[in-house]
Amino acid sequence: MAQISLTFPDGNAREYDAGITPAAVAEGISKSLGKKAISATVNGEHWDLAWPIEANASIAIHTMADEDQANELVRHDLAHIMARAVQEIWPDTKVTIGPVIKDGWYYDFDRVEPFTPEDLGAIEKKMREIINKRDPVRTEVWDRDVAIKYYEERGEPYKVELIEGIPGDEPLRMYWHGEWQDLCRGPHLQHTGQVPGDAFKLMSIAGAYWRGDSDRAMLQRIYGVAFTGKEKLRAHLNMLEEAAKRDHRKLGREMDLFHMQEEAPGQIFWHPNGWTIYTELQDYMRRKQRSGGYVEVNTPQLVNRKLWEESGHWDKYQENMFIVEVDEDHAREKAVNALKPMNCPCHVQIFNQGLKSYRDLPLRMAEFGSCARYEPSGALHGIMRVRGFTQDDGHIFCREDQIEEETAVYIDYLTSVYKDLGFESFRVKFSDRPEQRAGSDDIWDKAEAALLAATRAAGIEPEMNPGEGAFYGPKLEFVLTDAIGRDWQCGTHQVDFVLPERLDATYIGADGGKHRPVMLHRACLGSFERFIGILIEEHAGKLPFWIAPRQVVVASITSEADDYVAEVVADLKAAGVRAEADMRNEKINYKVREHSVGKVPVILAVGGREVEERTVSVRRLGQKQTSVQNLDEVVSELGVEATPPDLR
RNA sequence: GCUGCUGUAGCUCAGAGGUAGAGCACUCCCUUGGUAAGGGAGAGGUCGAGAGUUCGAUUCUCUCCAGCAGCACCA
């Protein structure tokens, strides 16, 4: 038998017979490791203990102490155990796929009867029975024809389709958990009893399209979470509960920021508090844009269909546009307009007024552009995905060779904005050429290289999103996450070769001839609405002082202090602080509670002593202790804090 | 848009085939209280909209609207 050499993490190598399994390797090292081993990493690949190793390789044996591998195995085995449980309870259910995801797994089923929330309990119970049986997990490699026939006979069409989609040279692994069988890449644990029975929970049922294709069957997906121990599960569930408290929809109500109602789905009624955040943020962005070399413009909301036809939106985006037809007695003729879903075509109209010289480039044009998009009803989400929103939009008209420099400048700009707003880190995704695209490969090469180079120069290694670019050019997406970890694209930076062409934007080059500018679409916040939603969740409502809508409440302890309260409020306002008086006939406990719930950053309590000494008792949100300070001192301190970071 | 769930007072929720309840919030009264809910009284709802079944519907059925979770979408 041929010999192979396996290299261990400590650098030592040992000789084995070819075809040895990691289980035997572990057993050979020590009896206890043989018992504790759950899987291995072989040449960087997560490897089942039962898979043979045929050639020289590096190897690391894993135990339950290796969190990453253990979680993957536990979650993956649970996916199978859940599918088995479901088929044992409802044998007519067809199985599809069940991958591991962050914190758990899901499995998609095809069953005529929908699952109910009560079913989850029954499935969990059955899963624990399976775990308690300690059924062995076994794997075999099959020929495709045999496997296809096997699944056809069992009436599992989805599995047949999956196999047909697997490249012919890849081995088909068939797994058994006891008598129950599934097609699976593996690896898995050795028996069902290795899965902790008290560290998982089925979370929810939802619809999901087969293969993610909305033209195909709607399956039923069951989500579960799982960990290696029950404390970790408890911590996770606890985290979710805490995260729910940070939901911007809940805080929006509690802080009286905004509301939404049936008559205007996907649109926001901003209340005074919320609008203060909005305008404070807008003022800040306007200053940043000015110092960033942008010129600010404003363009029409309602634009005739002709322009949208020229821009291509009428063809490609019509379903998402609010179309407005005027056909009334007072109108001479019927006009078809659309509320703008984007600002870009309008910005090109401004660019196109008069002749532009190469000396004008790069031309950075910005607009707080209000857009309306008819988003699918199921996509709406609080103020983060709406139908009426305002982008901090901007378009940079430049030459091809300026893309990299402009991208670098933009990343720097965005980074400073995010930092000022409390986001020290954010994720960047890079989407390159899709299959359907405009422009030559040569231009794409250059544009992609420019974006990547600028991003890397900024010290950012983007996540790759292959083939996800716009048809008109590659893009960078700047992603922030909400309270429960969902991704939201906020900032964006996209190269566009197409729109300048369609709308015939030109500039006169140094050579005296006409040239086509490149357009960079960019938004830093993305939209005020989404960004404020993220901002609220990121800070759990405890916004940085300068942007907090209600900054200070001055609360009287007894009515004797009322005059002094008014004086303190006046002083604070004069220092540029948003201050209000609370002289209601209520106890200080009550006032403190109410304004704490309302997330007011600073409460100044004043009673007889403070009136006497011209001091205030300062209480910061989230802190129990208070400090008595001189009034003038506090006013100047808070005046500084109320100053936006770019003006300090 | 798709699958499932939900819609009762400003908010959080209970309720039942015979036309509705709690706590908080709100208004008034008492209370002047020292850092997360002092006490009392009062007011407040075509039970999301429309249709059907029924002697009678907010409750059952259907359609629509909106929201929630996920999927799809997010040039």
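So that the names make sense, note that chain A is the first sequence line, chain B the second, and so on, each numbered from 1.
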**Asked** Looking for any heavy atom pair under 4.0 Å, which part of the strands does A/V597 touch: base, sugar-phosphate only, or nothing?
**Response** base
**Prompt:** Roughly how far apart, to the nearest Å, are B/C62 and B/G44 at atom P?
**Reply:** 36 Å
**Request:** Give a yes/no answer on whether the side chain of A/R486 brings an N or O atom under 4.0 Å of OP1 or OP2 in B/G70.
**Result:** yes
**Item:** Among B/G38, B/C71, B/C68, the one nearest A/N589 by side-chain distance
**Value:** B/G38
**Message:** By nearest atom, which of the nucleotides B/C73, B/C71, B/A69 is closest to the A/A206 side chain?
**Reply:** B/A69
**Request:** Could you work out which one of B/U35, B/A66, B/A36 sits closest to the side chain of A/R593?
**Result:** B/A36
**Request:** Classify the nucleic acid contact of A/A605 as base, sugar-phosphate or nothing, counting any heavy atom under 4.0 Å across all strands shown.
**Result:** base
**Item:** Distance, P atom - from B/C13 to B/A69, rounded to whole angstrom
**Value:** 14 Å
**Fill in**
Regarding the side chain of A/T558, the nearest nucleotide among B/C71, B/U35, B/G33 is B/G33
**Item:** P atoms of B/G21 and B/G15, separation to the nearest Å
**Value:** 15 Å
**Fill in**
Exactly one of A/E610, A/K591, A/E586 clears side-chain hydrogen bond (donor to acceptor under 3.5 Å, both in side chains) with A/S556, and that residue is A/K591
**Asked** Hey, does A/G212 reach any base, or is it just sugar-phosphate, or nothing, if we go heavy atoms under 4.0 Å?
**Response** sugar-phosphate
**Item:** Candidate nucleotides B/A72, B/C71, B/U35, ranked by approach to the side chain of A/S214 - the nearest
**Value:** B/A72
**Check: A/R619 side chain, B/A36 base, donor-acceptor under 3.5 Å** = yes
**Prompt:** What residue among A/H381, A/E537, A/R530, A/R253 forms side-chain hydrogen bond (donor to acceptor under 3.5 Å, both in side chains) with A/H248?
**Reply:** A/E537
**Item:** Complement of B/U12, any strand, by Watson-Crick or G-U distances under 3.5 angstrom
**Value:** B/A22
**Prompt:** So does A/Y209 reach the base of B/G70 with its side chain, donor to acceptor, closer than 3.5 Å?
**Reply:** no
**Prompt:** C1' atom, B/A20 versus B/U58: distance in rounded Å?
**Reply:** 9 Å
**Message:** Heavy-atom nearest nucleotide on RNA chain B for A/P117 versus A/T626: which residue maps closer to 5'?
**Reply:** A/P117
**Message:** Roughly how many Å apart are B/U12 and B/A51, using the C1' atom of each and rounding to a whole number?
**Reply:** 32 Å
**Prompt:** How far, in whole Å, is B/C47 from B/G17 if one measures between their C1' atoms?
**Reply:** 14 Å
**Request:** Describe the nucleic acid contact of A/H595 in one word from base, sugar-phosphate, nothing, applying a heavy-atom distance below 4.0 Å.
**Result:** nothing
**Asked** Contact class for A/Y106 vs. all strands (heavy atom < 4.0 Å): base, sugar-phosphate, or nothing?
**Response** nothing
**Prompt:** Given B/G33, B/C74, B/G1, which nucleotide is nearest the side-chain atoms of A/I557?
**Reply:** B/G33
**Message:** Starting the side chain at C-beta, find the nucleotide from B/C68, B/U3, B/C74 nearest to A/R249.
**Reply:** B/C68
**Message:** Quiz question: going by heavy-atom distance under 3.5 Å, is there a donor-acceptor pair between the base of B/C73 and the side chain of A/R385?
**Reply:** yes
**Request:** Decide yes or no, distance alone: a donor-acceptor N/O pair under 3.5 angstrom between the base of B/U32 and the side-chain of A/S559.
**Result:** yes
**Complete:** Which of B/A66, B/G38, B/G70 is nearest the side chain of A/E262? It is B/A66
**Message:** Let's test your reading of the model: under 3.5 Å, does the base of B/G1 pair with the side chain of A/E375 as donor and acceptor?
**Reply:** no
**Asked** Touch check for A/G382, heavy atoms < 4.0 angstrom, all strands: base, sugar-phosphate only, or nothing?
**Response** sugar-phosphate
**Item:** Any donor-acceptor N/O pair, A/T492 side chain to A/A523 backbone, under 3.5 Å
**Value:** no
**Asked** Considering heavy-atom distances to RNA chain B, does A/F471 or A/K587 have its closest nucleotide positioned more toward the 5' end?
**Response** A/K587
**Request:** Would you indicate which nucleotide in B/A37, B/G70, B/G34 comes nearest to any side-chain atom of A/I484?
**Result:** B/G70
**Message:** I'd like the C1' distance from B/G70 over to B/C64, given in whole Å.
**Reply:** 23 Å
**Request:** Would you mind classifying the nucleic acid contact of A/L380 as base, sugar-phosphate or nothing, using non-hydrogen atoms under 4.0 angstrom?
**Result:** sugar-phosphate
**Prompt:** Side chain of A/I588: nearest nucleotide among B/U35, B/G67, B/G38?
**Reply:** B/U35
**Prompt:** Are A/T407 and A/H493 close enough that a side-chain donor and a side-chain acceptor fall under 3.5 Å?
**Reply:** yes
